[in-house]
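Chain identifiers are assigned alphabetically (A, B, ...) following the order of the sequence lines, protein sequences preceding nucleic acid strands; residue numbering begins at 1 within each chain. Reckoned from all heavy atoms, side chains included, excluding hydrogens, waters and symmetry mates. What you see is a predicted model, and the numbers here were worked out from it, not measured in a lab.
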Amino acid sequence: MLDIKTIREETVKVRAGIKAKNEVDNLNEILELDETRRKIIQQVEKLKSERNSASAQVAKLKQSGESADDIISKMNNVKISIQEFDGELRVIDKKLEELLLTVPNIPHESVPIGNSPEENKIVFESKINLESKFTLKPHWEIAEKLNLIDFERGSKVTGAGFPFYLSKLAMLQRALINFFLDSANLKGYQEILPPIVVNEASARGTGQIPDKEDLMYTVERDELYLIPTAEVPVSNFYRDEIIDEKKLPIKFSAYTPCFRREAGSYGKDVRGLNRLHQFDKVELVKFTLPEKSYEELETLRSDAEDLLNKLRLKYRVLLMCTGDMGFTQTKKYDLEVWSQGQQKWLEVSSCSNFENFQSRRMNIRFRNSITQKMEFVHTLNGSALALPRVMAAVIEQYQTEDGKIKIPDVIQKYLPFNIIG
RNA sequence: GGAGAGGUGGCCGAGUGGUUGAAGGCGUUAGUCUCGAAAACUAAUAUGGGCGUAAGUCCAUCGAGGGUUCGAAUCCCCCCCUCUCCGCCA
């Protein structure tokens, strides 16, 4: 959520940001409501001030045993006016709040303007040579042959997009998670294991609601949401709190399953592990000083990249253009791993800065020791990494000519075997 | 799920209709003292909003939201949360 003051004072800039992101521009309505609101506030506060001093007089009179009936009867009308104004104000505040939630975050100046994925900027591509003496198969063929993933029983037990991982592949998944968490730990991230269902306020805090309700599974009876990413519970950890400035930056890592309805996304992209309704992910979340957040975005990105490098997977980094980056971010990098078996790039991480867009919603602040003022922290997060597509790339990249899967070097210490098959 | 108790500032805690935005304590910050530190003493110390160039001023806020009243931390309604006991349970 943007500050109404920013919208009021930097309307042109905000409007340009909305346009760049192809979002709906409600600024005129917002500014109009804001003006009406302030007019009413002026009137009602004048009345309240009157009331307060009258009440003080009543108190004085009563204490000295005199009658205050005159004042009291006069104040009756004031009371009714105040109630009317307050009622109006309540309606306006609610409407204004709703409209403010429709204003997207403003892209950072370093972000390329664009509408389509083609306009994202490739800022890095690894030069690993992936030449192989034989033709690499897509991961689902290998997994089927070695009986490592059971999609059919997953469909029977739950539904499409909820596979079972079997035997050594289940162990490899666990090993990868450990590798990711251990790496984060070495880089100073504090590991936390959060709840995987959240309440409405939390979903609202990180921006899943309103706007993206359809993304999440709901537990209607208890008014809870299954998390689409650990970002939601972890970012909300400090909701409505004041963080000690000296503790910043705070860095968390969290492993969770993630649940996404992915309504309406069917077709060839959903083959194998490419797109699931439930998947594992290790997420990194940072709370930082405002002036440090872009620096922290770069280290966040390189922390995620490091994992791909150590797994010796080919990947590239995209700087997302304004139209392709999402509602809440100011700047976002996507990491895509190369799937040699499928001959295409798969997104395995996205690292974003939200500046104070989320922290304003979540009310997470710190006291600036120089100005002595309260300020909102900046929040950032990034996947490091999402498991299924990494798994797909590993299976494909590490397949042997006779149809087995080698275990990547960095993972071997986590497993009692170094080949599957 | 049932019964009871409770939710007050960064923290603890007083306060049951009228200068209570809120006593007192702790903490924090600054100053005095000290070679320095500690202790002691002195002072300052909520957030958000409206108007204003500013100084300032007004309004709101005692878990959230409604209500009663000239006036609510205090009374009523509803919701949320915490604790204790019982029940259920890995």
Quick check on [N]: is either OP1 or OP2 less than 4.0 Å from any side-chain nitrogen or oxygen of [X]?
X	N	result
A:R51	B:A72	no
A:K62	B:G18	no
A:R90	B:G66	yes
A:R367	B:U47	yes
A:Q83	B:U69	no
A:N52	B:C70	no
A:K48	B:A60	no

Shortest non-hydrogen separation from A:T330 to A:I106 and the atoms involved: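 In terms of heavy atoms, the two residues are closest at CG2-O, 3.4 Å.
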
Of the listed nucleotides B:G67, B:G18, B:C59, the one nearest the side chain of A:S49: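 Of the candidates, B:C59 comes closest.
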
Show the atom names and distances, to 0.1 Å, of all donor-acceptor pairs under 3.5 Å that link a side chain in residues 405-421 of chain A to residues at least two apart or in another chain.
unit_1: A:Q412; atom_1: NE2; unit_2: A:I407; atom_2: O; d: 3.1
unit_1: A:Y414; atom_1: OH; unit_2: A:D182; atom_2: OD2; d: 2.7

Atom-pair distance (CG on A:N363; C1' on B:U47), nearest Å: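 Distance check: A:N363 CG to B:U47 C1' gives 10 Å.
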
Identity of whatever pairs with B:G56 - Watson-Crick or G-U, under 3.5 angstrom: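 Base partner found: B:C51.
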
Contact letters for nucleotides 48-55 of chain B, in which S counts primed atoms plus P, OP1 and OP2 and B counts the base, heavy atoms under 4.0 Å: SBSS----

Pairing residues for A:K62 by the side-chain contact (heavy atoms from CB on, under 4.5 Å) criterion, not counting sequence neighbours: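 With sequence neighbours excluded, A:K62 shows a side-chain contact (heavy atoms from CB on, under 4.5 Å) to A:V58, A:I72, given in chain and number order.
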
Pair A:Y294 and A:H108, ring centroids less than 6.0 Å apart: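 Yes, the ring centres sit under 6.0 Å apart.
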
